[in-house]
Amino acid sequence: NCANELPAVATGNWGCGAFHGDIQLKFILQLMAAAVTGRQMLYFAYGDESLRHKLIIFYDILVKNHITVSNLWNYLIKYYTVYYSTTKSSHSIPTVFEFIQANIDSLLISTDEEESC
């Protein structure tokens, strides 16, 4: 019934201009909020085609791998724990998208190895 559907949330890079927030983290948080409330999200990248492309690829990875809001939350906690809860080291820190994708990929590899035994 279309009358009962909630409208989509229109959003973008909030907190990422003057406040220098992490666009990828903000995208994930907004996506999680939209999912929990059962709403679609329209994300406006304000003409940044590179960002738009990254968001589409990342979103497709999440959908393809059936990643839940709970999964995303756990990845964010792990990302923080690994890279920010202790003194920053001299090694480079991956973006949050890179970190989550690597964790999804490693989970898929370990699952494939278990299935082949």
Side-chain angles (χ1 to χ4, degrees):
N1 184 350
C2 293
N4 294 330
E5 289 184 26
L6 295 170
V9 175
T11 189
N13 304 337
W14 54 261
C16 297
F19 298 105
H20 306 289
D22 183 319
I23 290 176
Q24 293 181 2
L25 175 62
K26 300 292 184 162
F27 172 79
I28 292 169
L29 294 173
Q30 292 176 87
L31 185 63
M32 291 167 62
V36 166
T37 58
R39 298 175 76 166
Q40 293 182 339
M41 184 173 83
L42 302 174
Y43 194 94
F44 295 92
Y46 302 102
D48 185 338
E49 288 300 316
S50 174
L51 172 62
R52 180 181 172 277
H53 183 71
K54 288 176 187 175
L55 298 178
I56 290 169
I57 290 172
F58 184 73
Y59 181 78
D60 287 346
I61 289 167
L62 298 179
V63 171
K64 182 180 106 182
N65 291 288
H66 310 286
I67 302 301
T68 65
V69 171
S70 178
N71 296 142
L72 279 174
W73 180 251
N74 288 326
Y75 289 137
L76 292 177
I77 296 296
K78 186 175 178 182
Y79 182 74
Y80 172 79
T81 302
V82 170
Y83 294 105
Y84 292 100
S85 65
T86 60
T87 305
K88 290 186 179 182
S89 66
S90 60
H91 69 279
S92 65
I93 297 174
T95 68
V96 68
F97 282 7
E98 291 168 343
F99 178 82
I100 291 172
Q101 185 172 354
N103 277 269
I104 291 170
D105 291 345
S106 67
L107 178 63
L108 293 174
I109 290 168
S110 67
T111 303
D112 289 343
E113 288 172 356
E114 289 172 8
E115 290 176 0
S116 66
C117 295

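Note that the CG atom of Asn13 and the CG atom of Asp22 stand 10.5 Å from one another [nearest 0.5 Å]. Summarising the geometry, atom CD belonging to Gln40 is positioned 11.5 Å from atom CG belonging to Leu31; distances are rounded to the nearest 0.5 Å. With rounding to the nearest 0.5 angstrom, the CG atom of Asp48 is 6.5 Å from the CD1 atom of Ile23. Between Asp60 atom CG and Ile56 atom CD1 the span is 7.5 Å, to the nearest 0.5 Å. Note that CD1 of Ile93 and CD of Glu98 are 11.5 Å apart. Values are rounded to the nearest 0.5 Å.
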Inset, instruction - Go through Ile67 and Tyr75 one step at a time and tell me if the side chain to side chain contact (heavy atoms under 4.5 Å, CB included) criterion holds. - result: CA-CA 10 Å; Ile67 302 301; Tyr75 289 137; 4.3 Å; yes
Inset, instruction - Mind running side chain to side chain contact (heavy atoms under 4.5 Å, CB included) on Leu55 and Phe97 for me, showing each step along the way? - result: CA-CA 9 Å; Leu55 298 178; Phe97 282 7; 3.6 Å; yes
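One hydrophobic cluster, built from ILVMFWY side chains closer than 4.5 Å, cannot hold both Val63 and Leu42; they sit in different ones. Cluster annotation: Tyr59 is not connected to Phe44 through the hydrophobic network of ILVMFWY side chains, with a link wherever side-chain heavy atoms come within less than 4.5 Å. The same ILVMFWY cluster, assembled from side-chain heavy atoms under 4.5 Å apart, contains both Val36 and Ile77.
In this structure, the side chain of Asn103 does not engage the main chain of Ile100 through any donor-acceptor pair within 3.5 Å. Of the possible polar contacts, none joining the Arg52 side chain to the Gly47 backbone as a donor-acceptor pair under 3.5 Å is found.
Using a 4.5 Å heavy-atom cutoff, the side chains of Phe58 and Ile28 are in contact. Leu76 places a side-chain heavy atom less than 4.5 Å from the side chain of Met32. In this structure the side chain of Thr68 never reaches within 4.5 angstrom of the side chain of Trp73, judged on heavy atoms. Inter-residue side-chain proximity for Val96 and Tyr80 is flagged as unmet; no heavy-atom pair is nearer than 4.5 Å. Side chains of Leu62 and Ile104 form a contact here, defined as non-hydrogen atoms less than 4.5 Å apart.
Taking each heavy atom of Lys54 and Gln24 in turn, the nearest pair found is CD-NE2, 4.4 Å.
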